[in-house]
Amino acid sequence: KKMSERLKTMQEGLEKQRWAAEWLDSYDAPSRRRVKLRWHDGIRTVLLVKKWRDKEVSTLAKRVAEYLLEEGCRVGVEASEEYGTKNGIFVYNKERDKVDVVISIGGDGTFLHAGRLFTRGAHPPPCVIFGMGSLGFLANFDANKWKSTLQRLLKGEEIYATMRTRLRCEVNGSARHVLNEVAVLCRSHERMGKVKLDVDGQSITLVEGDGLIVSTPTGSTGYSMSCGGPIVSPSVPATIVTPIAPSSLSFRPIIVSESSVICIETLSNMTEVLHDGRLHATLPKHSFITIKTSLFPMMVVHELPYDQDWFRGINSKLKWNARGAEQKEYPPPRL
């Protein structure tokens, strides 16, 4: 029942936007994520987010902005100094301005930063990510093909997208929406850290170690994976719970339903809570952290349908199951 109410709220919110999303997943799927996307009246306002302090990225961002202005779009930026005083350029205000699409130029960190601009309880606009970072696992479009990609969008051609799950993390009455993971770190110098884990009101276990990671499928290829967590396709309706250096070798990562509510109680002083790698709070003993699936996912545009871009990414960028060199074949031994 909880899941159906969340899906209904998500669907009603999407219907009020200036874009239309046609589900690729079957109607009776428990939690649909994959869509074909088109804009009702064309793209009019664009938010351009770029990687800071990178000359090559800044040069491309200026070219993209100039092209969008030529096509009649208004372009929102975070700092107007780099783009001059051209008509159509404005400094984006997340409290006031609405945009039709976000264009992110940089790496995964740039996209995570773009996601933080939409945390006020509303559906973020679709995001197009051009990779120019060190890894760019979330980037589905080649920066060298930016113009042809934008031409498809501006012409109103249908394009594919995935609703990337976000987590709603509440600490001391303050809630944030998190795309990758919530990390709870209790790395005390005095003694072993401890946190208590509950799922849907049921006590699951006492975590003894360096902490716990609660991750979305998108975040499964980040901090969680480096701590031994599974790689999960972004369209899977799940939440991953991964221990960090647990004292018990039998404590393995678990996958729970995305409709579950996860509650973590700190049993150590100076426990740190990080959202997508950024410190959010330092908590005393017996503080509570409540995590559940956000009703406002990030819609990430990609080139291929379903999860084909994601599988291509884990093969080409993570070198998943790739062998460094072919083994030499030896003749069978003589018996």
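All values below come from the heavy atoms of this structure, side chains included, with hydrogens, waters and symmetry mates left out.
From His177, atom NE2 reaches atom SG of Cys169 across 10.5 Å, with rounding to the nearest 0.5 Å. Taken from SG in Cys227 to CG in Asp210, the straight-line distance is 9.0 Å, to the nearest 0.5 Å. Arg166 contributes atom CZ, which lies 12.0 Å from atom OG1 of Thr293 (distance to the nearest 0.5 angstrom).
Taking both residues in full, the closest heavy atoms of Asp198 and Ser203 are given as OD1-CA, 3.3 Å, listed atom of the first, atom of the second, then distance. Shortest non-hydrogen contact noted between Phe141 and Ile159 is CZ-CD1, 4.2 Å. Taking both residues in full, the closest heavy atoms of Pro253 and Pro230 are given as CB-CD, 4.0 Å, listed atom of the first, atom of the second, then distance.
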* Glu158 vs Arg152, salt bridge (Lys or Arg N to Asp or Glu O under 4.0 Å): CA-CA, chis, key distance, verdict -> CA-CA 8 Å; Glu158 283 189 337; Arg152 290 179 57 194; over 6 Å; no
Show the numbers, then the answer: is there a side chain to side chain contact (heavy atoms under 4.5 Å, CB included) between Thr162 and Val35? CA-CA 6 Å; Thr162 298; Val35 302; over 6 Å; no
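Hydrophobic clustering, with ILVMFWY side chains joined whenever heavy atoms are under 4.5 angstrom apart, groups Leu150 together with Val57. Using a 4.5 Å cut-off between side-chain heavy atoms of Ile, Leu, Val, Met, Phe, Trp and Tyr, with links allowed through other members, Val77 and Ile43 fall into the same hydrophobic cluster. Hydrophobic clustering of Ile, Leu, Val, Met, Phe, Trp and Tyr side chains at less than 4.5 Å, counting indirect connections, keeps Ile240 apart from Ile291. Clustering ILVMFWY residues whenever any of their side-chain heavy atoms sit less than 4.5 angstrom apart, transitively, puts Ile244 in a cluster other than the one holding Leu283.
Note: Tyr67 and Trp146 have perpendicular aromatic rings, judged against thresholds of 30 and 60 degrees for the angle between ring planes. Ring geometry for His302 against Tyr160 counts as parallel: the plane angle stays under 30°, on a 0 to 90° scale with 60° as the upper cut.
In Arg278, the CZ atom is not crowded: 12 or fewer heavy atoms of neighbouring residues, nucleotides or ligands sit closer than 6.0 Å. No more than 12 heavy atoms of other residues, nucleotides or ligands lie within 6.0 Å of CD in Glu56, so this atom counts as exposed by the packing criterion. Atom CZ of Arg312 has more than 12 neighbouring heavy atoms from other residues, nucleotides or ligands inside a 6.0 Å radius.
A salt bridge between Arg33 and Glu258 is present, with a side-chain N of the basic residue lying under 4.0 Å from a carboxylate O of the acidic one.
Contacts classified as side-chain hydrogen bond (donor to acceptor under 3.5 Å, both in side chains) and involving residues 218-227 (residues at least two apart or in different chains) are given here: Arg164-Thr218, Ser224-Thr242.
Between Phe111 and the choices Val300, Val49, Ile105, the side-chain contact (heavy atoms from CB on, under 4.5 Å) rule is met once, by Val300.
Taking the salt bridge (Lys or Arg N to Asp or Glu O under 4.0 Å) definition, one finds that Glu208 meets it with Lys194, sequence neighbours left out.
Here the side chains of Ser257 and Thr239 are not in contact, with every heavy-atom distance at 4.5 Å or above.
Side-chain atoms of Ser58 and Lys50 form a donor-acceptor pair, as typed in the model, at a separation below 3.5 Å.
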